[in-house]
Structures are given as C-alpha cells and as structure tokens.
A.B. asks: 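This is the structure I have questions about; it appears just below.
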Amino acid sequence: MCGIFGAVNSEFSNEQLIEAGKSLQHRGPDEIGLYRDEHVALGNQRLKIVAIENGKQPFLSEDNKLKLVFNGEIYNYKLLKKELQDRGYQFQTDSEGEVLIHLYEEYEMDMFVHINGQFALALYDAEKKKLYLARDSVGICPAYFCQYDSVFYFASEIKTLACMSKRRLVLEPQALYEQFTYWTTLDERSIFKDIYQVPVASYVECDCSGKYDIHRYQNFLAYDAASFKDKSEIIEVVRESMKRAVSRRIMCDSGVKWGMYLSGGLDSTIILRLLESMGIENFPVYSLSFDRRGIDESVYQKLACQDHLVQHQIVQITDDKLIDNLHNTLEHCEAPLFKLGAVPMYILSKEAQKEGVKFVLSGEGADEIFYGYDIYKETLIRKYISKDINSKIRTADIKQVIPPQSRNNKFMIQGYEQYYTSHVKNTEDALFCIRPRIQASSIIYKYFNEEAQKEIHKNSLDSAISQHYQRNNPIGLLKQCQNVEMDNLLAGYLLSIQGDRVLMANSVEGRYPFLDKELISTAYRIPDYLKLHGYNEKYILKETFSDILPSQIVKRQKFQYATPGTELIHNKYDFFEEYLTKTACEDCGMFEYKMVKQLLEMKNQVITTDMLLVFIATTHMFHKIYQKWDR
C-alpha cells in the first residue's frame, strides 16, 4: 500500500507537496512521487511491493491527459492487462497503475466493477477537467477529502488534509455520538467538521471549481442470486474460491518478505493450512497473547501451528505495553477508541515491520460474509421470540449467546432474557439487528455537555440511517444484519481503526483473503441456513475445511477478541488521570465533568459504561494530539 494526497484548483509548490507527503511517510517510506500543473497537484508516498523497478507514481497516460495516484493492490491486474491488450492497448510496464489508466480509458467510471482488489485512487482527466477519488468495495483503503475556498483537498489520512489546508480541526459532537453508538461515523462524515471520507464502494467526482458529487458504483446485494445444486457443490465452490483468494493475496515481487496474523480461531487457521496445502511454507506468523485469563488464545495458536513448519512469533501484551503504545495508536487511528483493541494490533504490526515484513494476511471478513458474530444469532433469537414472547423454548435459546462460563449463572441468564425480550418488537425496523446496541450505546448523549447536546440530533439521525437501509429490507433479517455489519463494523471499525491505520502506521500492508470479490459473491449466494445452521455459526465454512483443521478449532465457540478497558484505567490511573479531570473536559469542550466523575466512581461497570469511560479518556487524549496537526 501507499499514501496518496493532492488538491484541485490549488497553488501548491513542490516544496509544499513534499511537506504534506512527510505526514504520510509511514504509509510509504520507500519513495515519493509528485505531479503538479495549473489545475491539479498529486502526490504519492510509496511502499514498494509490486513492480518495484517500474511502478513509480504518479502514472501518466501516453497522451498525458490522465494522471493517477493510487494506494492498494489490484489482485486481478494481470488478467485485466491481458483483456486490455486483446482490445489493442499497449503497455510499457508491468505495473498496476498503468492497467488502471487503460481501464479508465476503456470503461471510464464503470472501471471499478472490473477490479478485484483493495484501493483508494485519485485520477485526474485533463480533457474533462475532473478529478475522480475512489475507494474499494469493502472499505479496506482510506480516502478523505475537504473543500475550502474552492480548493478540493484529498489524502489517505486526515492529518495530511490539515497539513495541506492549514485549517484548524474541530471535533463534531454529532460525529462523536455516531462513532460510539454505531461504532463508526456514518456515510461520508468523519469525526471532524467539514472533513469527509469517501464512502465504501463509491467515488467522488470533482470539477476544477472544487464542486463535487458522490456516486455509489457497487452494491454486493445486487450479486447474482443463482442457487447451487446441493451442499457438496457449495463446499467445492467455497474451497476453490478460498484457494484462489489466498493465492491472489501473496502477489508480490520476488524478495518481498510477507507473513500472516494468526489468532487461533477458525478463519486465520484456514488461511494458514491452505497456504501449507499449496506448498507455501517458512513465512513468519504473528500472534497476540495476553497476561490475563479469559482473553488469551495462545493455546489455540500453538494448536493451529502444531506439526507445521512456520516461524511463529507470539507477542505478549501487558498493561505497560498498552499504556506505552496508546498515544501513537491514537495518532494513527485519527479517532477516539471505545475499545483498546487497536493498541495490540499496532504493537503487532511494529513487530512485523522490525523483521522486514511488508504485508500480512489476516482473517477479517469471514464473520461478516459467513455469519460468525453473535449478532446473527441474537437477531434470529429475537425474531423467534417476537412471534411468541412467552415461549420458554425460544427464551431458552438465549443461552446460545451467553458466554460458556456464565451459562449456569441464573442471574446472568435472567439479565440476558430481560435484555432480549425487551427488544423484540418491530421486526420491520431496518436496524432491528442492532437496535438493542443502539439503545444501550445512546446513553452517551447524557454525558455530553449542554452545548454539545444542542448539536446532536438523535431522532433525525436514526430516521436517516433507517432510510439508508430500508431499501434492502426485503432480503430478510440475516442479510439485513449482514448489510449493516459490512458497512458499519467491518468498513468503519475493523478494517480501519483495527486494520489499515495501525498496520500502515508501521509500513505494513494488510491483505484479507475472505474479502476477495469472488469469494464474497459466492458467500452471498449461499442460503442463510448453511451459514448459520441452527445456532452453529459459519457452518458451511467449518464443513468445507474440517478435513485440514484441528477438530478442537472447528468445534471451538466463536471467541471475541478483547482487551482490558476500565480495569486498565483504574490499574493505571496515574497515567489516565489528566484525561479525566475537569480541566480535560473543559479543554476539549465535549463532555460534562460531573457525569464523567460519576462514571469514574461507578462500582459495577457493564459493557457499555466500560466502553464509555475508555471513549471519554481517549477523546481527551486525542484532543491534545490533533491540535498539533494544522501547525
């Protein structure tokens, strides 16, 4: 991957562009490339993985009418190149960028539906005097933009926009509310006023006056719904699609070192065993372990690697390591955290970078496309209960989403039953699947101060979000849930805050076989009951690969990645104290100190209040960080 940046209708000098590039150097430390004329300025910080010798950016068309910078990988670029050659196009290099230039010449803005990959790109068409800023179909690569005084700025990261525009960044209360309640800001909003992100599977079209429009180019729900003959055919198609997805993601020039992340769960173990079944060995494998019982998976990580030739490095995470790396993690995430899961991932990428690794394979995406999260079970249970709230059979099913260690705790069971039976009405609600979580998380509103509350419009926001998903309601509750999870949790959180941002902070690219375009298309065509079979999550995935996986991992219940939250704050209060004071609340201007003090003194934290305390503390910490970016 790389970092891209630039502007339309600006008067940047090369020196100013170079200075902006420095803020993205962590994304691409190997090379900087610049292009500038009277209409457009383009920049690229490059991480060399493919076409090392002839892939320098920006890319220019033969007639010099098209200029392109891009970040990411086009996994089918050789196939696209062959198709374009058959149509008469000539190539001077073996680079992905040249393929993208000709792809635009052939298809214009329909080019994106032909791409199987992860990317953010900026393409300037001098003939049309338009810039197109696009992002991949699942949101792996980031792309932000803003418009000030008829100048349109874009970049891979917000700090670079601040550097180029010289505008003071201002937190937006509504966006902070969204970030906590929905786990992401929504549509094109960022957490800062007047700073936007390119939505997933979309492109921004900008003219030379700086005016722009946003267009969606793909919707996974529009995939062919053709059925399979039987379960055995599905298994065969999933196996072969996954093999091709893994094979595509080890694309690189010779001599480039790569590795993979191994959690000890089903998804990453499948990737590991498939690589070895393809005869690919002796690559480094990185795992996290914790010095706390209940969140450590190292036993299963060792089981996954047992009897296989891998270089397995387990990185242990302690409270001190979390504290030591929190500041840098926040700076690269460019947002507050409600969970500290990004911090260990930042530490892990730092370890990979120390060993010269330029990209890692990871298992993100499997839970979304094969129904792995508890939210799918919860949605199904609540749907069943809605038909008969007094059914003891259905309320007994709630045990399926209670952690195994708590299933005999009658108080825990009663709490879950009360929670789910109170959220079973209105199955037609477009956000039915996450309605309980929205209701629980929206308590953050009362922690904002009076001025911030005036800028938060909860009811209109909820209505707007519901309308966004309403058009897909006929697809059924589980696919509706999948749609929401793909947009919000996956694109807005896992692939950004816990993915790209902490990987590229250390110049390491993340690649995700389960998010291969072909595999997603396959998964969307599989009947729901084969993905969530009763309450057995990712059933078809287990059936497909059980012959190459340890049985303990196949039978293992889904394990949620977790890190300490409030417990860490209390254990390391000397560190956090300055971010939870009245002065911190007043400086940031978002939260009411009296409410924060009550939260800090709360004896029994539930999941939501635990997340809330972390969110407030990291918001105040982040406030001190971003104030330096526009100087």
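As the structure is a prediction and not an experimental result, all values here were calculated from the model.
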A.B. asks: Might you work through the side-chain contact (heavy atoms from CB on, under 4.5 Å) test for T269 and V554, ending with a clear yes or no?
C.D. replies: CA-CA 10 Å; T269 307; V554 174; over 6 Å; no
A.B. asks: Testing the basics here: between M260 and L275, what is the closest heavy-atom pair and its distance to 0.1 Å?
C.D. replies: SD-CD1, 4.1 Å
A.B. asks: Given side chains that start at C-beta, do those of S232 and E236 come closer than 4.5 Å, heavy atoms only?
C.D. replies: no
A.B. asks: Side chains of S263 and S268: is there a donor and an acceptor less than 3.5 Å apart?
C.D. replies: yes
A.B. asks: Between Q118 and S137, does a side-chain hydrogen bond (donor to acceptor under 3.5 Å, both in side chains) hold up when you go through it step by step?
C.D. replies: CA-CA 8 Å; Q118 55 193 68; S137 57; over 6 Å; no
A.B. asks: Taking NZ, NE, NH1 and NH2 as the nitrogens, is one of them in K231 or E233 under 4.0 Å from a carboxylate oxygen of the other?
C.D. replies: no
A.B. asks: Can you list everything that forms a side chain to side chain contact (heavy atoms under 4.5 Å, CB included) with A134? Sequence neighbours excluded, please.
C.D. replies: F112, F119, L121, Y203
A.B. asks: For T619, enumerate each residue passing the side-chain hydrogen bond (donor to acceptor under 3.5 Å, both in side chains) test, keeping only those at least two apart in sequence or located in another chain.
C.D. replies: none
A.B. asks: Mind checking the CG-CZ spacing from L131 to F152? Nearest 0.5 Å is all I need.
C.D. replies: 6.0 Å
A.B. asks: Closest heavy-atom contact between S202 and I214?
C.D. replies: CB-CG2, 4.3 Å
A.B. asks: Is F432 close to C481 at the side-chain level, that is, under 4.5 Å between some pair of heavy atoms?
C.D. replies: no
A.B. asks: Working to the nearest 0.5 Å, report the span between OG of S241 and CZ of F514.
C.D. replies: 11.5 Å
A.B. asks: Using side-chain heavy atoms (C-beta onward) and a distance below 4.5 Å, is D487 in contact with T184?
C.D. replies: no
A.B. asks: Measure the spacing between CG of L79 and CG of N76 and express it to the nearest 0.5 Å.
C.D. replies: 6.0 Å
A.B. asks: Do the charged groups of E240 and K243 touch, with an N to O distance under 4.0 Å?
C.D. replies: yes
A.B. asks: Give me the atom names and distance for the closest heavy-atom approach of S349 to V502.
C.D. replies: OG-O, 2.7 Å
A.B. asks: Any side-chain heavy-atom pair from Y373 and E537 closer than 4.5 angstrom?
C.D. replies: no
A.B. asks: When rounded to the nearest 0.5 angstrom, what is the spacing between CD in Q218 and CG in D110?
C.D. replies: 11.5 Å
A.B. asks: Would you please test E96 and K78 for salt bridge (Lys or Arg N to Asp or Glu O under 4.0 Å) and show each step?
C.D. replies: CA-CA 8 Å; E96 298 159 280; K78 290 188 176 180; over 6 Å; no
A.B. asks: Tell me, please, which residues at least two apart from Y261 pass ring pair (Phe, Tyr, Trp, His ring centres under 6.0 Å).
C.D. replies: none
A.B. asks: Counting heavy atoms not belonging to I443, are there more than 12 under 6.0 Å from its CD1?
C.D. replies: yes
A.B. asks: Ignoring hydrogens, what is the shortest heavy-atom contact between L478 and L380? Give both atom names and the distance.
C.D. replies: CD1-CD1, 4.4 Å
A.B. asks: What residues form a side chain to side chain contact (heavy atoms under 4.5 Å, CB included) with K531, not counting sequence neighbours?
C.D. replies: F370, Y371, K479, Q482, I526, D528, I540
A.B. asks: Are the side chains of R27 and P142 in contact, using a 4.5 Å heavy-atom criterion?
C.D. replies: yes
A.B. asks: Start with the C-alpha gap between E543 and I234, add the side-chain angles, then the distance that decides, and say whether side-chain contact (heavy atoms from CB on, under 4.5 Å) holds.
C.D. replies: CA-CA 10 Å; E543 290 288 288; I234 294 174; over 6 Å; no
A.B. asks: side-chain contact (heavy atoms from CB on, under 4.5 Å) for V99 and I74? Distances and angles first, verdict last.
C.D. replies: CA-CA 9 Å; V99 171; I74 310 302; 5.7 Å; no
A.B. asks: Are the side chain of T618 and the backbone of L337 linked by a donor-acceptor contact shorter than 3.5 Å?
C.D. replies: yes
A.B. asks: Could you report the tightest heavy-atom contact between K542 and N536, atom names first, then the distance?
C.D. replies: NZ-OD1, 2.8 Å
A.B. asks: Would the distance check show the side chain of S386 and the main-chain N or O of K383 forming a donor-acceptor pair, the cut-off being under 3.5 Å?
C.D. replies: yes
A.B. asks: Can K193 and E455 be counted as an ion pair, charged N to O under 4.0 angstrom?
C.D. replies: yes
A.B. asks: Considering only heavy atoms from C-beta outward, does the side chain of M251 approach that of Y75 to under 4.5 Å?
C.D. replies: yes
A.B. asks: Taking only residues two or more places apart in sequence or in another chain, which ones pass side-chain hydrogen bond (donor to acceptor under 3.5 Å, both in side chains) with D367?
C.D. replies: K538, K558
A.B. asks: Are the side chains of I115 and L100 in touch, meaning some heavy atoms are under 4.5 Å apart?
C.D. replies: yes
A.B. asks: Using salt bridge (Lys or Arg N to Asp or Glu O under 4.0 Å), reason through D516 and R248 one step at a time and then give a plain yes or no.
C.D. replies: CA-CA 9 Å; D516 183 85; R248 290 182 186 115; 2.9 Å; yes
A.B. asks: Output all residues satisfying ring pair (Phe, Tyr, Trp, His ring centres under 6.0 Å) with H457, sequence neighbours left out; order by chain, then residue number.
C.D. replies: none
A.B. asks: Between Y376 (side chain only) and E368 (backbone N and O only), is there a donor and an acceptor less than 3.5 Å apart?
C.D. replies: yes
A.B. asks: Run the side chain to side chain contact (heavy atoms under 4.5 Å, CB included) test against Y529 and tell me which residues pass, sequence neighbours left out.
C.D. replies: P527, H533
A.B. asks: Kindly write out the residues that satisfy side-chain hydrogen bond (donor to acceptor under 3.5 Å, both in side chains) with T160, not counting sequence neighbours, or none if the list is empty.
C.D. replies: S23
A.B. asks: Quick one: CZ on R135 to CG on N71, what's the gap to the nearest 0.5 Å?
C.D. replies: 10.5 Å
A.B. asks: Are M590 and L176 close enough that some pair of their side-chain heavy atoms sits under 4.5 Å apart?
C.D. replies: yes
A.B. asks: Side chain of R273, backbone of I548: donor and acceptor closer than 3.5 Å?
C.D. replies: yes
A.B. asks: Does a side-chain N-to-carboxylate-O contact under 4.0 Å join E73 and R249?
C.D. replies: no
A.B. asks: By ring pair (Phe, Tyr, Trp, His ring centres under 6.0 Å), which residues pair with Y196, not counting sequence neighbours?
C.D. replies: F145
A.B. asks: Sequence neighbours left out, what passes side chain to side chain contact (heavy atoms under 4.5 Å, CB included) with R437? Give chain and number order.
C.D. replies: I375, E378, Y419
A.B. asks: Would you say the side-chain atoms of S287 pair up with the backbone N or O of L262, donor to acceptor, closer than 3.5 Å?
C.D. replies: yes
A.B. asks: Please enumerate all residues that pass ring pair (Phe, Tyr, Trp, His ring centres under 6.0 Å) together with F338, with sequence neighbours excluded.
C.D. replies: W183, Y493
A.B. asks: Roughly how far, to the nearest 0.5 Å, is CG of L171 from CZ of F622?
C.D. replies: 7.0 Å
A.B. asks: Look at the aromatic rings of Y384 and Y535 and report parallel, tilted or perpendicular, splitting at 30° and 60°.
C.D. replies: perpendicular
A.B. asks: Can you list the residues that meet the side-chain hydrogen bond (donor to acceptor under 3.5 Å, both in side chains) rule with E205, with sequence neighbours excluded?
C.D. replies: K130, H215
A.B. asks: Heavy atoms only: give me the nearest I497-A335 pair and the separation to one decimal.
C.D. replies: CD1-CB, 4.2 Å
A.B. asks: Less than 3.5 Å apart, any donor N or O on the side chain of S190 or E334 sitting next to an acceptor on the other?
C.D. replies: no
A.B. asks: Testing V238, L266, I235 for side-chain contact (heavy atoms from CB on, under 4.5 Å) with F545, which one passes?
C.D. replies: V238
